[in-house]
Amino acid sequence: MMNDREVIGICGVGRMGSAMAARLAGQSFKLVLWSRSGVTDAFASDNGAEIAFSPAALAFKADIIITSLINDSAVETVLDQLVETSLPGKLVVEMSTVSPKTLKNYSERIKAKGGSAIDAPISGGPEFVMDGKAGVYIGGADVDYKRFRPIAEALSDRIHHTGSLGTGAAAKVVNNMMLCGYWEVLKEALLTGKQAGLSVETMLDVLLTSPGGSPALKTRAPRILGEDTSVGFPVKGALKDAKLFASVADSFGIETPAIDAAVKSYSACLDAGHGNEDLSAMVRTALASEDH
């Protein structure tokens, strides 16, 4: 059962953070929100949330402190502020897509301030969060995992306790490296098929009824065809993540030709002015460029 005394603080109310806030508010969690760009009174009111004007102020009012931010640098900026304040009995939960080393580098300082930490990156776009069907990969001690589980259950029907601190972020990297490679191979396959005389519609119809038709493709096929302009996750975010995956693998001496190719594809898509479109725009624009 949910512990009604636990107040949830969310640092970062971008696309994912705001979806988490709305979902948790709908599950009757009490919220405190902070964002670098500010939290609107309307959003706070809609979700019964209090606004904090700094991460430290949020930490004072919240029992569980979630970070949901764009990259390692943004997470480090917030963690730098958190470890300068007192964290008695507080649980810091890092839910961004960042390096497995990022939170580990702060864990001792968080402990020294009286708190504890877990990494729990979330998988799936805002629509999955709102439906409570996102994936959550949790790295940390059993006691902290159990404390966070009620919140995770409100967001996810795919909760994995992956091991010690840092393994949650590692699991997210593994999961998203697979997806990153999938989109690159799909681009190469569709370009080849198009040159061989197949229409994009025919190829997608074949793939969607074959073992090669992943749930991710089923969701994004209308976007590849240009029938749906909604954005699940933008090209610029996919490029940022692909570079992160490559750097994590490189730190272990692992070569990543598929991810390197994806970085080039997403960079080209970004340079062509499609950075704010859905990540599937990488495939669509590559196909379109063949027509010119």
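Everything numeric here is computed off the predicted structure, so don't read it as measured data.
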Point to revise | Chi angles and distances behind the side chain to side chain donor-acceptor pair (under 3.5 Å) call for Ser230, Arg223 | key: CA-CA 8 Å; Ser230 64; Arg223 292 170 177 155; 3.0 Å; yes
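- Between Ile224 and Leu204 the shortest side-chain heavy-atom distance falls below 4.5 Å.
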May I have the list of side-chain donor-acceptor pairs in residues 34-44 shorter than 3.5 Å, sequence neighbours left out?
from: Ser35; atom 1: OG; to: Ser37; atom 2: OG; distance (Å): 3.4
from: Thr40; atom 1: OG1; to: Phe43; atom 2: N; distance (Å): 3.0

Please set out all donor-acceptor pairs under 3.5 angstrom arising from side-chain atoms of residues 262-273, sequence neighbours excluded.
from: Ser265; atom 1: OG; to: Glu184; atom 2: OE1; distance (Å): 2.6
from: Ser265; atom 1: OG; to: Lys187; atom 2: NZ; distance (Å): 2.8
from: Ser265; atom 1: OG; to: Ala261; atom 2: O; distance (Å): 3.2
from: Tyr266; atom 1: OH; to: Leu279; atom 2: O; distance (Å): 3.4
from: Ser267; atom 1: OG; to: Val263; atom 2: O; distance (Å): 2.8

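- Remark: Thr102 engages Asp72, Val75, Glu76, Val98, Ser99 in a side-chain contact (heavy atoms from CB on, under 4.5 Å) (not counting sequence neighbours).
- Among pairs with a residue in residues 149-199, those fulfilling ring pair (Phe, Tyr, Trp, His ring centres under 6.0 Å) read Tyr137-His160, Tyr145-His161, at least two apart in sequence or across chains.
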Review point. Given Glu153 and Arg149, is the salt bridge (charged side-chain N to carboxylate O under 4.0 Å, His left out) satisfied, shown in steps?
Key: CA-CA 6 Å; Glu153 286 176 341; Arg149 189 171 175 96; 2.8 Å; yes
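- Of the possible donor and acceptor atoms, one in the side chain of Asp119 sits under 3.5 Å from a partner among the backbone N and O of Ala169.
- If you take NZ on Lys30 and CG on Asn47, they are separated by 15.0 Å, rounding to the nearest 0.5 Å.
- Listed by chain and residue number, nothing satisfies the side chain to side chain donor-acceptor pair (under 3.5 Å) test with Asp241 (two or more places apart in sequence, or in another chain).
- For Lys113, the side-chain contact (heavy atoms from CB on, under 4.5 Å) partners are Leu87, not counting sequence neighbours.
- By the 4.0 Å N-to-carboxylate-O rule, Glu6 lies close enough to Arg147 to be salt-bridged with it.
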Check your understanding: Can you list the steps and then say if Lys240 with Asn71 is a side chain to side chain donor-acceptor pair (under 3.5 Å)?
Key -> CA-CA 8 Å; Lys240 181 267 297 181; Asn71 55 25; over 6 Å; no
